[in-house]
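All remarks here apply to the structure that follows.
We count residues from 1, following the sequence as given. Heavy atoms only: backbone and side chains are in, while hydrogens, waters and symmetry mates are out.
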Amino acid sequence: ACVSIRAEDVAKIPLGLFRRLPNGGKEPATDHWLHKLLRRPNDWQTGFEFKEMLQASLVLRGNGYAVAVRNGRGVPQYLVPIHPDRVGLFEAPGGGYFYAVTRNGLHEMAMLRDQPLLIPSEDMFHLRWLSTWHSLLGTSRLSLIRESVGLAIGLERHEARFVGQGARTSGVLTTEAKFASKEAREALRADFQKLQSGPRNSGAIAVLEQGLKWQPLGLTMVDSQFIESRNFQIRDIARAFNVPPYKLALEGENEGPAMVQMGQQYLNGPISGYCERWKAKGEQFFDIDGDDLFLDWDYGHFLKADLLSRFTAYRQGVGGPWEAVNEVRRAEGLPDVPNGDQVLQATNMAPLGWTPPAPGSA
């Protein structure tokens, strides 16, 4: 859940190429080859799917890889994502480094048929998470939290076995009588275990003969506190992946008016951190100077509050004055209106009966 949430949240934020304007604004650089590549990085994936795959690799393994296949002019035609477990790093004595990619499947082999066995670093789009022992590689998050994940798996398996035995602790059948044979004793135990095991038989009534008495051993389901232990492990793993508990729908974590503030903190923290990695690496790898041309994320999807709060903010922006009416309409997917590109100025005081002059009049 942590991996899918983080991968989807980053993937659904639009990443675009922009050109900086002399007045300080920006406009989409639709005439640049990178604009199309960001929307369709290859012929079999959408931009969302590509970012989701690399982001999932980055969250799990600390590294996300994609081979840039270039045309005769050296311009990337498409990007081929590679699973990080099939990429090896090779360092050259002169300081250069290469990536050995183990091809998997006919499709990937066909897409990389013209690539050398050791792919140069300038042809590998490589996203790195936290580097601890090697600056050329990111650290696998799973390797850092393997004990927490192992404990969570152990609790899950233990509870599965517990429920498989009828959600009852083991016990003993006692009697003063002596069984006629070993076979009779085993048959009684098998019949009793069949009656008490499995969720279908939970709460079933057993009829005991020959003075048999059932004596349960061990803790009850409540005393074992499986639910509390598993909830703690969920929070522990969520903390390691830097995912807020409310994103995992934990009880008591998704209620109240503080949801807007928590969403803003989520965007300002883990999401913006990953987005900055994409932006910086993209400008470096695709040789974007960051001045005239630069990459930028559109956080509008996350910043949209409820309808009342959003319209209140629009009203303050238009009356600020720092935002035009058409800018607000475009943000809401509405068409422009005449004279809507003018920034309005608020008039607080006017003589009684005064009528504003018509636009364009002296």
Side-chain angles (χ1 to χ4, degrees), residues 1-11 13 15 34 38 41 50-68 76 79-102 104 112 115-150 152 236-244 247 265-290 294-297 299:
C2 291
V3 174
S4 62
I5 288 172
R6 182 59 50 78
E8 291 177 357
D9 285 347
V10 172
I13 305 177
L15 174 62
L34 184 55
L38 292 175
F50 177 81
K51 289 186 293 183
E52 183 184 38
M53 181 176 178
L54 256 67
Q55 182 62 32
S57 300
L58 185 61
V59 173
L60 271 176
R61 296 293 192 264
N63 296 279
Y65 299 99
V67 178
L79 300 173
V80 182
I82 307 295
H83 194 286
D85 290 353
R86 294 188 282 106
V87 179
L89 179 68
F90 285 81
E91 302 177 57
Y97 55 98
F98 303 83
Y99 298 89
V101 176
T102 303
N104 182 35
L112 301 178
Q115 301 300 310
L117 180 62
L118 294 179
I119 298 177
S121 58
E122 56 266 23
D123 291 334
M124 179 68 81
F125 183 74
H126 181 191
L127 292 169
R128 304 183 186 94
W129 186 58
L130 175 69
S131 296
T132 54
W133 63 277
H134 201 310
S135 61
L136 297 179
L137 291 173
T139 305
S140 172
R141 194 185 298 262
L142 286 179
S143 66
L144 300 178
I145 62 170
R146 57 181 180 269
E147 297 297 337
S148 296
V149 175
D236 195 32
I237 295 176
R239 180 169 55 247
F241 279 95
N242 205 6
V243 173
K247 299 284 288 185
Q265 292 175 1
Y266 177 63
L267 174 63
N268 294 340
I271 291 298
S272 62
Y274 276 113
C275 289
E276 182 59 31
R277 295 179 190 274
W278 279 82
K279 170 181 166 63
K281 177 58 68 173
E283 292 179 349
Q284 177 194 44
F285 183 80
F286 297 114
D287 197 22
I288 304 300
D289 54 22
F294 64 97
L295 296 176
D296 201 10
W297 295 85
Y299 295 110

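Screening residues 86-101 for salt bridge (Lys or Arg N to Asp or Glu O under 4.0 Å), with sequence neighbours left out, gives Arg86-Glu108. Within the structure, salt bridge (Lys or Arg N to Asp or Glu O under 4.0 Å) pairs that include any residue of residues 123-139 comprise Arg70-Asp123 (at least two apart or interchain).
The side-chain contact (heavy atoms from CB on, under 4.5 Å) check on Leu60 picks up Val3, Leu142, with sequence neighbours excluded. Not counting sequence neighbours, the partners of Asn242 by the side-chain contact (heavy atoms from CB on, under 4.5 Å) test are Arg6, Pro270. Legend: residues meeting side chain to side chain donor-acceptor pair (under 3.5 Å) with Trp278, ordered by chain and number and at least two apart, are Gln55. The ring-ring contact (aromatic ring centres under 6.0 Å, His included) search around Phe285 returns Phe125, not counting sequence neighbours. Ala100 is linked by a side-chain contact (heavy atoms from CB on, under 4.5 Å) to Phe90, Leu118, counting only residues two or more places apart in sequence or in another chain. With sequence neighbours left out, the salt bridge (Lys or Arg N to Asp or Glu O under 4.0 Å) criterion links Asp9 to Lys12, Lys247. For Arg61, the salt bridge (Lys or Arg N to Asp or Glu O under 4.0 Å) criterion is met by Asp85, not counting sequence neighbours. For the side-chain contact (heavy atoms from CB on, under 4.5 Å) test, residues two or more places apart in sequence or in another chain that qualify with Thr139 are Trp129, Thr132, Ser143, Leu144. In this structure, Glu276 has no salt bridge (Lys or Arg N to Asp or Glu O under 4.0 Å) partners at least two apart in sequence or on a different chain. Residues passing the side chain to side chain donor-acceptor pair (under 3.5 Å) test with Asn104, sequence neighbours excluded: none.
Minimum interatomic distance between Ser57 and Gly64 (heavy atoms only, all atoms of both residues): CB-CA, 4.2 Å. Heavy-atom minimum distance, Phe98 versus Pro120: CD2-CA, 3.6 Å.
Judged by distance alone, the side chains of Tyr65 and His83 never bring a donor and an acceptor atom under 3.5 Å apart.
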